[in-house]
Amino acid sequence: MPLLTGTPVDRQAAPYARRWWALGVLCLSLLIVVMANTSLIVAAPDMTRDLDLSSSDLQWVIDGYTVPYAALMLVLGAIGDKYSRRGALVAGLLVFAAGSVAGSLVDRTELVVAARAVMGVGAAVVMPATLSLLVATFPRAERARAITAWTATSGLAIAVGPLVAGWLLEDHSWGSTFLINVPIAVVAVIGALTLVPPSRAADMGRIDYAGGLLSIVSVGCLVYAVIEGPHFGWGTGPVTAAVVAGAGLVAFTLWELRHPQPMLDVRRFARRPFSGSMIAVLFFFFGAFGSIYYATQYLQFVLGYGALETGVRLLPLAGAVFAGAAVTGRLAPRAGVRITVGTGMAVGTVAVLLLALVDEGADYGDFLPSLLLLGFAIGLSVSPATDTIMGSFPESQLGVGGGANDTSLELGGSLGIAVLGSLLGTAYADRLGSLAGGRLPGGALEAAEESVGGGLAVAEQVARDPSAGPAQARALVDAVHESFAHGVARTSLIGGIVMAVGTLIVLLVLPGRKDPALRDG
């Protein structure tokens, strides 16, 4: 057997013999792309201290990755389809590794944001390439199992990212959380060349670059507006971006309807299996990413867990993902996509609503049931939805299909973190103002209201102030904790209601097993 795999999948008479090894490489590639975001959750406090980050700075250190990641996936997926899906995977991993090296070395906020943006470009190549290669490599009878493993890897990365980052931060600076990506990316590149067979679309024709540009502008501006507006106010920048996104979406739709070879045939959204699955992915990750984002903050800032301790306490979520994946492998073929996805979304809704019970006395045991249910829901519902989305595309557009699925995922996650994070911040600030407003100077109260981390930092300053002292500082800490718990509960209630509405929409849109819409193709 040759060292390098050179025979394209479509020229092989039998299913590719090493396809399950190839899946391992694709899952490893996916793992570091997702971990790049989740690891920052626990690295953020160290970065904030070392780089003196404001709330806006920290938001863009995180989202400098998200904007190019979400905006470019559709176009880069199409380019991979036309020229080489494996080549796209390797190129994306190398770009991702280069951005990681840069991020570990720089010490200025704008350079960290730039490095994260480079990583986001690499991730936008890697993510759709993993899905398109998976679908191209596996025969139809095995694709659902392979996509289930791919989905479980995403859930695993949500928990493993904070765990690995926490372990590194015990003895190293936050730069190590960037550098850990490099050896993994190198192993994935070697694995891609030796285990993943090359693949490209046959007779694809010219790429619709005009439609691709419109998609980049539309999605990029939409994600920017979603991130900037809820957190920092709807000033000129976010409003302009939202208007451009809306106009770009209309122009993209009209262009794609008239183009003989569209980047994304928007008529596909009229097919209920496809549109229902896209809506499911968007709504599900809205609730999942948003709730994990603030639950992790509660573990760190209110319960006082360190980075490693926080990562360890997220591990049950990963185990529950695998449990859900095992169930969906048996349930989906029997019950169908509508029942499986709808059940998973209902379980996810319950998981988010459970956090509405959080109060100032809540401990880790109050979060554990929610983490377990959320992980189980990810494993149960995301895989059949993704399988349906990918099955809606012909073999020549698998990269575009992967880009569409992943754009929906990333847009939902961005909306969840931005919208729910903004609601949390407002509820926290309002409650803290009512609890501590009369006991703090205006400037100190403003700083404390900005975030839970800011509130605890102000309490440290109060403790060192001879005119105040430890007792007043303790009272402020208690007020901060109570206010953040109130914010988590209020936000979870709203997030759960949004998830419930999304579940109903998905159940209405997705066809039943005997519905003719299931045969749309």
Side-chain angles (χ1 to χ4, degrees), residues 34-45 47-48 53 55-56 58-67 69-70 116 154-155 157-163 165-166 177 223 226-232 282-303 305 307 310-311 313-314 317-318 321 348-349 351-356 358 362 364 367 370-371 373-375 377-378 409-428 450-454 484-496 498-499:
V34 180
M35 277 175 52
N37 252 356
T38 59
S39 62
L40 268 193
I41 294 174
V42 295
M47 295 182 74
T48 300
L53 300 178
S55 177
S56 177
L58 179 59
Q59 192 65 40
W60 281 107
V61 166
I62 295 171
D63 291 317
Y65 181 82
T66 302
V67 174
Y69 183 18
R116 290 274 296 166
S154 298
I158 292 173
V160 169
L163 179 65
T177 63
V223 173
V226 162
I227 292 167
E228 189 76 6
H231 277 287
F232 309 113
L282 188 145
F283 270 103
F284 190 86
F285 281 95
F286 172 91
F289 273 43
S291 56
I292 290 171
Y293 174 73
Y294 55 72
T296 305
Q297 289 189 65
Y298 192 97
L299 296 181
Q300 287 186 282
F301 290 110
V302 177
L303 298 183
Y305 294 124
T310 300
R313 282 162 178 80
L314 290 177
L317 183 144
V321 170
T349 300
V352 176
L353 287 173
L354 279 178
L355 295 179
V358 167
Y364 174 65
F367 284 81
S370 179
L371 292 174
L373 287 175
L374 195 56
I378 291 172
L409 185 157
E410 193 62 27
L411 183 59
S414 299
L415 277 166
I417 291 174
V419 174
L420 296 182
S422 176
L423 291 172
L424 172 65
T426 301
Y428 162 79
E450 187 173 305
S451 66
V452 61
F484 195 72
H486 167 76
V488 168
R490 180 69 59 85
T491 304
S492 298
L493 178 61
I494 296 171
V498 172
M499 285 278 289

Roughly how far apart are [X] [atom1] and [Y] [atom2], rounded to 0.5 Å?
{"X": "Leu40", "Y": "Asp63", "atom1": "CG", "atom2": "CG", "value": "10.0 Å"}
{"X": "Phe283", "Y": "Thr349", "atom1": "CZ", "atom2": "OG1", "value": "10.0 Å"}
{"X": "Leu299", "Y": "Tyr364", "atom1": "CG", "atom2": "OH", "value": "7.5 Å"}
{"X": "Met35", "Y": "Leu163", "atom1": "CE", "atom2": "CG", "value": "9.0 Å"}

- Parallel, tilted or perpendicular: rings of Phe484 and Tyr428 (30°, 60°):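 Perpendicular, since the angle between the ring planes exceeds 60°.
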Closest non-hydrogen atom pair, [X] against [Y]:
{"X": "Leu420", "Y": "Gly290", "value": "CD1-CA, 4.0 Å"}
{"X": "Val352", "Y": "Gly495", "value": "CG1-C, 3.9 Å"}
{"X": "Val34", "Y": "Ser154", "value": "CG1-O, 4.0 Å"}
{"X": "Ser492", "Y": "Ala356", "value": "CB-N, 3.6 Å"}
{"X": "Ala362", "Y": "Leu303", "value": "O-CD2, 3.5 Å"}
{"X": "Leu424", "Y": "Tyr294", "value": "CD2-CB, 3.4 Å"}

- Message: As a quick check of understanding, evaluate side chain to side chain contact (heavy atoms under 4.5 Å, CB included) for Phe284 and Ile378, giving each step before the final call.
- Response: CA-CA 8 Å; Phe284 190 86; Ile378 291 172; 3.2 Å; yes
- Heavy-atom check, side chain of Leu355 versus side chain of Ser291, under 4.5 Å: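 Side-chain contact under 4.5 Å: yes.
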- Do the side chains of Glu410 and Thr66 get nearer than 4.5 Å, heavy atoms only?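 They are in side-chain contact.
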- Going through the checks in order, is the side chain to side chain contact (heavy atoms under 4.5 Å, CB included) test met by Ile417 and Phe285? CA-CA 10 Å; Ile417 291 174; Phe285 281 95; over 6 Å; no
If we ignore hydrogens and angles and just use 3.5 Å, is the side chain of [X] paired with the main-chain N or O of [Y] as donor and acceptor?
{"X": "Thr491", "Y": "Val488", "value": "no"}
{"X": "Ser370", "Y": "Ala351", "value": "yes"}
{"X": "Arg116", "Y": "Val61", "value": "yes"}

- Determine, for Phe367 and Arg313, whether the Lys NZ or Arg CZ falls below 6.0 Å from the six-membered ring centre while staying within 45 degrees of the axis.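 No, Arg313 and Phe367 do not form such a contact.
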